Q: 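Dumping the structure here so I can ask a few things about it.
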Amino acid sequence: MWISFLACIILCAIVLYVPGYLLFRNLAFSTPRSIAFAPIASTAIISIVAIVNEKIGIFSAGSTVFGPTLVLCFIPYLIAKLIGHAKATDRATSWDWKFLACYAAFGILICVYMFIKPLDGADSFYCRADNATHLNMVRYFVESGQWSSIGATTGTIAFIPGSAGFYPSAWHDLAALVCTLASSDPIVAINATNAVICGLVYPTSMWAFLTCLFPKSKLHIAVGAVASMSVACFPWTFLIKGPLVSNLLSYALLPAVLALFMHYIKAGIGVHWKGTLFSGILAVAALALSQPNGLFCAYIFAAAYITHRSMKRFSRNKVLAFALSAVVFIILWFVLLQLPFFAEVVNFPNTGGLTLTPVESFIASVTFEFYVGQPPQTILAIVAFVGCVVAIKKHRVWLIFPAVYMVIAYGVSRCTDEYLRNVLCGFWYNDPWRLADAAAIFLVPLITMGLSAIIVAIAKSYDERKASKRPNATHKQSSLRVVTAVLLVVFTCYNFFPSYHNLVTHKREWSPFGFMRDRIAREYSTTRDHVYSTKEKDFVNRAMEMIPDGSLVINSPEDGSLFAYGVNGINTYFRHPTTGSLTDDANMIREGLDTIAESEEVRRAVKDVSAEYVLLLDQGVPYDEGKWLLQTTEDSLKQWDGINRITDETPGFETVLSDGDMRLYKITGTDDGGASGE
């Protein structure tokens, strides 16, 4: 499995970086910058090709998705090379290469430590209902060849045809593409894809962002390599909350998108309008087809940056320029809030994070306690505050706004569900964790500035003390490089160390990163008793050996079997725990399958869907004794009573496989006359 995992990582990196690199080189970017921007183009084009394939009836697979993507990026590059128009307008220096390599190396190191090492195996997965959708969708994409974000589904026939609308599936396209190219298990491909996004795409994306913000400061870029991964919540919470893998990809691309935006603003949109238009389309498509709330993160940053530029442009009327820019962006924000297209997202009843009082929420926000139970990052918050002071002194106040907005929105989302929450947090599903992770991204420049200022202050103090002791020295060498190296090592050890001995309680305490790492290890563990345990997974594998390939199996999804299709590949009927938009046949089956021997309507429903077997993983287990989904309640479990009531004695079913409370039945009640099978 681990060899397959490594192969998937290599292929994922190739898929994300090769096509996009060729395209951005053709747009006259330097090689390092083209590498950093590459995932934007690759993500957008892969997703668009998948949509086009479905529209014209082409089966999406490795050759029919990656092939066209590579061709679309290589042909313009080749033409530009032949006619000599592919020269970069920004020249790369040796430092660009060194720093890019440092960001990538540090990102990979932290990813191995935080995500890969804690996995029990390359095919470990998280047992949450949202993840069942992701696992099922990736497997269905691979098997069906339908990868489009328009009407993306998990392939279940239990739902009304056409009920699926737009679903941003760029991440699913990428995982499916890696899976098909590597001929690997879908879960292995999924874990490899997440590892590449966390350990390579995000840090290189952040390198591009910080080099645009601090183009003349090697110190800031060096510090940024560590600062970019320093906030404990991102990207790790997205692996255990949901997991929100679509948002993971969108946010990982976000810094590079912002760098691209800043580049063209500085270079002049009028002069480079073709590159601006083309790059803008790719960036918008990449974020929209990954997770659209990435666009609203970009909007917050763009509002601050454009307001800053307008004040700089009209320096004699700064107040007026600020007021006009702010009013325009605020009005547009409220217009977007009122659009029917966004209504379901903006008004999403997300109350899971509403667990704090206003005072507790304020404390959690200012101490960077960005996840439930996560220890605060108080020292890091102080460093970020120092960065705010530096930004004010350097007349870069605008850099503070995006981070402060997200931190405030996070705090609001934790303590109130009033109208203010919809206004500030609505585009992020009123979800505090999405807002916290956006805050983590926007805090990186402030942390970088704060840490750099501390380094400079220490180096200056040391140099002054050394000079005072040797006033007649003819050669004075700055200690900045030494102090930088030492302080970054100390900061890294402190910030990323997993646990420490509490001198007050005399107990081992988790650090923020240790807490997140432990959560990942526990949630992805194959030895814990999850809702879909290793024992149940093995039972499903045995069941598949006893039934014909492709046989439709009716299941009770809340017993963990909603994972069975995505994980094992068994053709389950119910792949979601929700009952909305189910067909009449599906409702008939979930409510009364156990009456198949007496009910003609149930027999007809089963025949209509061509179901042959029934899978039960918690037969007869009471609600208060079972291991269920986080969302499962006693009432929600009753929605599947027609399936859950089936026993070895129920007429119309024949026991095929039995192990503890796990059963596989063959449906015999659809035989002529409703045969009991007894």
Side-chain angles (χ1 to χ4, degrees), residues 132 136 153-163 536 539-540 543-544 546-565 570-623 626 628-629 632-658 661-678:
N136 290 336
T153 73
T154 61
T156 176
I157 61 172
F159 286 90
I160 298 170
S163 60
E536 289 171 331
F539 179 83
V540 172
M544 291 177 66
M546 304 183 72
I547 64 177
D549 290 344
S551 298
L552 183 62
V553 180
I554 294 173
N555 62 303
S556 177
E558 295 198 30
D559 65 7
S561 59
L562 77 167
F563 290 95
Y565 172 67
I570 191 171
N571 185 19
T572 49
Y573 185 51
F574 294 108
R575 300 175 186 175
H576 304 273
T578 57
T579 57
S581 301
L582 288 176
T583 64
D584 292 339
D585 286 342
N587 282 316
M588 182 68 65
I589 289 170
R590 72 175 175 84
E591 293 172 355
L593 181 61
D594 61 320
T595 65
I596 192 171
E598 297 86 30
S599 173
E600 180 59 37
E601 288 184 320
V602 173
R603 284 197 294 274
R604 177 197 53 76
V606 173
K607 285 182 178 180
D608 284 350
V609 302
S610 301
E612 300 177 66
Y613 295 88
V614 175
L615 175 69
L616 292 176
L617 298 180
D618 292 306
Q619 185 198 58
V621 178
Y623 170 74
W628 313 105
L629 294 169
T632 299
T633 64
E634 194 166 3
D635 288 337
S636 71
L637 195 59
K638 289 179 180 178
Q639 295 178 126
W640 310 97
D641 273 356
I643 303 169
N644 292 332
R645 285 192 298 257
I646 297 171
T647 67
D648 295 357
E649 289 74 39
T650 303
F653 303 92
E654 174 187 334
T655 304
V656 176
L657 185 63
S658 172
D661 57 13
M662 299 177 288
R663 296 289 188 277
L664 175 69
Y665 296 109
K666 181 175 176 59
I667 301 173
T668 60
T670 54
D671 298 341
D672 292 339
S676 68
E678 295 180 329

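This is a predicted model, so every value here is computed, not measured. Both backbone and side-chain heavy atoms feed into the values below; hydrogens, waters and symmetry mates do not.
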Q: Can you check whether Thr583 reaches Phe159 side chain to side chain, under 4.5 Å on heavy atoms?
A: no
Q: Only counting residues at least two apart or in another chain, list the ones meeting side-chain hydrogen bond (donor to acceptor under 3.5 Å, both in side chains) with Thr579.
A: Gln639
Q: Who pairs with Tyr565 by side-chain hydrogen bond (donor to acceptor under 3.5 Å, both in side chains), at least two apart in sequence or on another chain?
A: Glu143
Q: Quick one: list whatever passes side chain to side chain contact (heavy atoms under 4.5 Å, CB included) with Asp584, sequence neighbours left out.
A: none
Q: For a quick check under 3.5 Å, do Asn136 and Thr154 share a side-chain donor-acceptor pair by atom type?
A: no
Q: What I want to check is whether the side chains of Asn555 and Thr572 have a donor and an acceptor closer together than 3.5 Å.
A: no
Q: What pair of heavy atoms forms the shortest contact from Val540 to Ala564, and how long is it?
A: CG1-CB, 4.3 Å
Q: Tell me every residue that passes side-chain hydrogen bond (donor to acceptor under 3.5 Å, both in side chains) with Trp640, counting only those two or more places apart in sequence or in another chain.
A: Glu558
Q: If I compare all heavy atoms of Val621 with all of Trp628, which pair ends up nearest, and what's the gap?
A: O-CZ2, 3.7 Å
Q: Using the test side chain to side chain contact (heavy atoms under 4.5 Å, CB included), find all partners of Ile157 that sit at least two apart in sequence or belong to another chain.
A: Leu552, Tyr573, Val609
Q: Atom CZ of Arg575 and atom OG1 of Thr153: how far apart are they, to the nearest 0.5 Å?
A: 8.5 Å
Q: What closest approach, in Å, do Pro557 and Leu629 show between heavy atoms, and which atom pair accounts for it?
A: O-CD1, 4.5 Å
Q: Hey, are the side chains of Thr632 and Pro577 touching, using non-hydrogen atoms and a 4.5 Å cut-off?
A: no
Q: Contact between Arg590 and Leu593 at the side-chain level, heavy atoms closer than 4.5 Å - yes or no?
A: no
Q: Measure from the side-chain N and O atoms of Asp559 to the backbone N and O of Leu617, and report whether any donor-acceptor pair falls under 3.5 Å.
A: yes
Q: Taking 4.0 angstrom as the limit, do Arg604 and Asp585 come out as a salt bridge?
A: yes
Q: Check this for me, if you would: do Glu600 and Arg603 make a salt bridge, where the nitrogen-to-carboxylate-oxygen distance has to be below 4.0 angstrom?
A: yes
Q: So, using side-chain hydrogen bond (donor to acceptor under 3.5 Å, both in side chains) as the criterion, who are the partners of Ser658 when residues are at least two apart?
A: Arg663
Q: Within the structure provided, determine whether Ile554 and Tyr613 are in side-chain contact (heavy-atom separation under 4.5 Å).
A: no
Q: So Val553 and Glu612, do their side chains get closer than 4.5 Å, heavy atoms only?
A: no
Q: If every non-hydrogen atom of Thr650 is compared with every non-hydrogen atom of Thr647, which pair is closest and at what distance?
A: OG1-N, 2.8 Å
